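Taking it in order: structure first as structure tokens, then the write-up.
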2 protein chains.
Amino acid sequence: MTLGVKEHVADNSRMDILGAAARCFMERGYAATSIDDVARSLGATKGRIYHHFPSKADLFAAVFRAGMDMNYAAVRPYCDLPGPAVKRWRMMAMAHVLQMIDTKAFQRAVWIGVEMHLRGATTPQQRSVLNELIEYRSNYSNQFREVLLAGRDEGVFCFDDLSITNQLMFMTLNSPIFWYTPRVGETRADIEIIARQIVDYAEGGLRGTQGQST
Amino acid sequence: MTLGVKEHVADNSRMDILGAAARCFMERGYAATSIDDVARSLGATKGRIYHHFPSKADLFAAVFRAGMDMNYAAVRPYCDLPGPAVKRWRMMAMAHVLQMIDTKAFQRAVWIGVEMHLRGATTPQQRSVLNELIEYRSNYSNQFREVLLAGRDEGVFCFDDLSITNQLMFMTLNSPIFWYTPRVGETRADIEIIARQIVDYAEGGLRGTQGQST
DNA sequence: TTGACAACATACCCGGTAGTATGTTCATCA
DNA sequence: TGATGAACATACTACCGGGTATGTTGTCAA
């Protein structure tokens, strides 16, 4: 049941394309990115891309899916942990933020996909593909909704509308995909300091301003 | 020194174009929006657009500038008010959020412009135009930076890096441009309830989690 | 009244891009 | 060893969209 050498080579090539496509989509957006751009950034031509992906929309969908797969993998270890909700939330949030930083290009593509879905995708069958991915992302989001509700039940989090709060929280946790850029000589510890500030801010927002000492 | 009727008509036509362009840019993004799209949404043709704006990039820049002008107008009344920083911040933040909701299309265009600047605009002289607008926006942002620092000096706000915190705060306050959509039968009070939740979340993030009772 | 100009519409050009059709090369396997 | 197919490259088409060049119409001022 193991894969042969050839399959590994093909899979690696596919992955390389996904990475290059993610960078291109991040740098220029979906519409402004041409298949030739992606190919050029690989030192290849369109033929290579269209050999692995039937269309530009499918390539983009694959990038989207790969990004979400990474997110699931990063957060899943923490979302079934026992103990207080806040602690579990912090683990999940930290993993999520670090994931945003580490796989920024893919996460930007996910963002672009969500935006495209919100304003209504172009063709009909592309819409169904995108809808499936959006639902995939929605399930991911639900993992956080659960822990948010648990935190409110425990009296730690304080918010009114769950949907709005979830939006605000993800907006915060996702934000580094827009403004983070790696600095020269930056260590893992530096990145974790940044991530901690983001998580702290989000936690403050979720706890609200009631019961504040100052 | 007053304008004649003709000038008023011309100005109104220009404004109509700006509004339609803002909606198009919001719905399809910059690259995917064609001049014909904007014209069609006005029941007109390209000629009308190019009569008022020399290029697509200039049209976009005008939308950007108009959006920022609205923001300045909305927030300026509050940013020189005396009293505690938190109170001043809340007034400014509330005005900003309501502005995001009320002029969503223009604010989305501003966002798109910032994104374009971050990844490096296309042509050389467009880049200078965009740079000027980005600086315009940066000045706007500085009004909030000042009140953030004042709030920290007063011991109310608690954060480490000012730039990161400012990013997180704006990410929160701007977020309705992405997920807010007017509901049928929605009153002004309903909108203010939403805005209040956003401002509350942001305030919680700025105050941090230290000194929390729970 | 007329001519001059603003405010558009129409018609056209041309570069770029998604997608296709057709080579070409190289490894693998019978 | 030779044939087969994967993994590309090359060449081409059709179309769309920014920009321009050129009408057309209504208005106002002298």
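Here is the naming used below: chain letters follow the sequence lines, and residue numbers restart at 1 for every chain. Everything numeric here is computed off the predicted structure, so don't read it as measured data.
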Pairwise side-chain contact, Leu162(A) with Arg145(A), heavy-atom cut-off 4.5 Å (strictly under): yes
To the nearest angstrom, the CG-C1' distance between Asn12(A) and dA7(D) comes to 14 Å
Whole angstroms only, please: what is the CG-P distance between Asp36(A) and dT13(D)? 17 Å
Can you tell me if His51(B) touches the phosphate of dA7(C), counting only side-chain N or O atoms and a distance under 4.0 Å to OP1 or OP2? yes
Within 6.0 angstrom of Phe159(B) CZ, more than 12 heavy atoms from elsewhere: yes
Has Ser55(A) got a side-chain N or O lying under 4.0 Å from the OP1 or OP2 atom of dA18(C)? no
Of all the choices, dA9(D), dG18(D), dA9(C), which nucleotide is nearest to the side chain of Thr45(B) once you look at every atom? dA9(C)
Most 5' of Gly47(A) and Ser34(A) on DNA chain C, judged by nearest nucleotide: Ser34(A)
Under the 3.5 Å rule, do the base of dG17(D) and the side chain of Lys56(B) count as making a donor-acceptor pair? no
Student check: side-chain heavy atoms of Trp89(B) and Glu203(B) closer than 4.5 Å: yes
For a salt bridge (Lys or Arg N to Asp or Glu O under 4.0 Å) check, start with the C-alpha distance between Asp37(B) and Arg23(B), then their side-chain angles and the critical distance, and finish with the verdict. CA-CA 10 Å; Asp37(B) 285 335; Arg23(B) 275 192 301 275; over 6 Å; no
Consider only side-chain N and O atoms of Asn131(B) and His117(B), and report whether a donor and an acceptor are under 3.5 Å apart. yes
Let me know the distance between CZ of Arg48(B) and P of dT25(D), rounded to the nearest Å. 19 Å
For atom CD1 of Ile35(A) and atom C1' of dG19(C), their distance in whole Å: 9 Å
Donor-acceptor pair under 3.5 Å, Lys46(B) side chain vs dA9(C) base: no
Euclidean distance, atom CG of residue Asp37(A) to atom P of dT17(C) [Å, nearest integer]: 6 Å
According to a strict under-4.0 Å criterion, is His52(B) in side-chain N/O contact with OP1 or OP2 of dC8(C)? yes
Separation of dA9(D) C1' from Arg40(A) CZ (nearest whole Å): 15 Å
How many whole angstroms separate atom CG of Leu42(A) from atom P of dA7(D)? 16 Å
Without decimals, in angstroms, what is the distance between Phe53(A) CZ and dA18(C) P? 15 Å
